[in-house]
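Contents: one structure, followed by commentary.
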Amino acid sequence: MEFAPQASIDHAALRHNLRLARQAADTSRIWAVIKADGYGHGLFRVVEALDEADGFAVARLDEALALRQQGVVKPLLVLSACISRSDFEQAIYADLQVVVHHQGQLDVLQSLSSTGQRLSVWLKLDSGMHRLGFTPGELNHSLAQLKALPVVGDINLLSHLANGDDPDDPMTATQCEQLMQIDPSPYSARSLANSAGLLANPATRFDWVRPGIMLYGASPFINTTAAELGLQPVMTLSSRVMAVKSCQAGDAIGYGGSYVCPEAMPVAVVAIGYGDGYPRHAPNGTPVLVNGVRLPLVGRVSMDMLCVDARALSGIEVGDEAVLWGGELPVEEIARQAGTIAYELLCGVKRRVRFHDLNRQQLEV
Ligand SMILES: Cc1ncc(COP(=O)(O)O)c(C=O)c1O
């Protein structure tokens with residue numbers, strides 16, 4: 001029996017979620033956002049499962065280069081970190097598309113001599129997030145610089161939503177309006193929507209949408225569950241009960257003794273901890289699904305293990321399966337308990353967890 005924590009990645013769920021994105025996108029094309037190792041699911045396996053996407057978007061140059069080296073021929077977009085001269089040279093060589101959001105990048109592009117290959121760029125508009133991008137007032141100057149460069153091919157326009165997770169927040173409409181006010185004629189394509197924009201606000205779709213979190217089966221919204229959206233969870237993080245203790249009333253559990261047993265009770269120890277990516281800040285009461293029964297976490301999460309109150313599960317035994325998230329236990333619920341977001345939990349699963357593929361499509365031979 002395997003006692004090491006496992007992460008099962010369901011390819012059929014990835015494909016299903018992409019189909020939902022495709023329906024919502026209508027005629028817009030889809031950049032499947034697979035940065036941060038496919039939101040923690042594994043870069044290459046998500047590329048394989050999301051084969052129907054029109055292109056893949058990553059944050060860093062290295063991620064895009066790794067995909068090209070692996071033989072991925074689809075369009076690849078580097079969203080943020082193509083900065084130095086060597087970055088741009090490699091991007092041109094590997095036929096990547098890059099986001100240009102800063103004058104320093106334009107300066108580097110100006111210093112490059114043309115090699116015959118041209119770079120498709122996405123000029124980033126800061127439509128209100130105030131993180132990356134040119135303000136509406138700066139945009140035309142940046143555009144003029146790009147148009148003058150022989151090394152630059154297509155010029156596209158892109159912006160990013162700041163508050164899409166709350167569909168009632170007027171910021172999304174304001175950002176959409178900002179993008180619509182820019183004369184589209186110099187641009188080959190425009191892109192704004194992340195998962196939240198795509199699902200809640202058709203006006204944000206433009207030519208390319210950029211869904212990330214919804215592909216992994218988690219809700220992009222604060223008040224709507226993934227199940228309500230028809231999304232299927234992709235990752236199931238599980239482990240096993242490695243010990244069952246009979247504790248007495250007054251026994252304090254784990255480091256700091258933050259949970260004190262109110263009566264004599266069984267406490268099960270599960271072989272997973274923050275060293276595997278389970279959030280250390282998950283409080284007492286966070287649910288863990290053991291043999292399909294929700295048991296509350298008790299005491300502090302340790303590096304390699306955590307404890308649950310096993311009173312609700314008679315006959316709990318060493319070796320019983322414990323699901324930390326996935327299936328009937330949405331990762332968003334655990335994230336909320338731990339004061340974080342599903343994105344962070346999914347990206348945070350550590351390399352020592354064993355990854356398995358489920359429902360991998362048989363490739364034609
Ligand atoms: C520029 C950009 N576009 C799209 C996305 C995808 O967002 P989401 O995962 O919320 O769909 C991200 C993710 O952070 C991003 O940084």
Side-chain angles (χ1 to χ4, degrees), residues 14 17-18 20-22 24-25 28-41 43 46 50 53-61 63-64 75-83 96-102 105 121-134 156-167 169 171-172 175-176 178-179 189-202 204-226 229 231 233-235 331-332 335 340-348:
L14 277 164
N17 297 334
L18 179 61
L20 281 195
R22 181 69 76 192
S28 304
R29 279 172 288 170
I30 298 180
W31 288 119
V33 181
I34 58 168
K35 59 193 178 137
D37 202 21
Y39 284 45
H41 294 68
L43 189 64
V46 302
L50 299 175
D54 300 296
F56 297 107
V58 292
R60 309 253 163 92
L61 181 70
E63 298 171 299
L76 297 178
L77 173 62
V78 181
L79 288 169
S80 51
C82 191
I83 310 287
L96 307 179
Q97 303 186 31
V98 300
V99 172
V100 171
H101 51 76
H102 188 259
Q105 293 170 292
V121 301
W122 289 76
L123 193 55
K124 187 157 191 175
L125 168 72
D126 178 0
S127 58
M129 189 160 178
H130 303 135
R131 193 177 60 176
L132 296 179
F134 299 97
N156 307 280
L157 183 63
L158 168 147
S159 195
H160 190 42
L161 296 174
N163 298 356
D165 60 340
D166 180 0
D169 193 314
M171 181 69 176
T172 299
Q175 289 190 265
C176 196
Q178 287 267 11
L179 194 64
R190 293 178 295 172
S191 176
L192 176 62
N194 54 6
S195 301
L198 170 59
L199 292 174
N201 194 331
T204 62
R205 290 190 302 224
F206 295 95
D207 304 299
W208 283 83
V209 295
R210 308 189 310 271
I213 194 71
M214 68 173 291
L215 301 177
Y216 307 98
S219 172
F221 302 117
I222 41 181
N223 288 329
T224 311
T225 65
L229 296 167
L231 297 169
V234 172
M235 180 191 291
V331 64
E332 297 97 308
T340 182
I341 51 176
Y343 299 70
E344 187 183 17
L345 295 189
L346 295 172
C347 289

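Every number for a ligand or one of its atoms is a count from 1 in the order of the listing.
Remark: of the listed residues R29, H160, K124, R210, R210 is the sole one forming a side chain to side chain donor-acceptor pair (under 3.5 Å) with S191.
Looking at F56 and V46, their side chains never come closer than 4.5 Å, going by heavy atoms from C-beta outward. Looking at heavy atoms from C-beta onward, Q97 lies in side-chain contact with L77 at the 4.5 angstrom threshold.
More than 12 heavy atoms of other shown residues, nucleotides or ligands fall within 6.0 angstrom of atom CZ in R22.
Residues lining ligand 1 at a heavy-atom distance below 4.0 Å are given as V33, K35, Y39, L79, H160, N194, S195, R210, P211, G212, I213, Y343, ordered by chain and residue number.
Taking all atoms of both residues into account, the shortest heavy-atom contact from L215 to L14 is O-CD2, 3.4 Å.
Scanning for ring-ring contact (aromatic ring centres under 6.0 Å, His included) contacts around H101 gives an empty result, with sequence neighbours left out.
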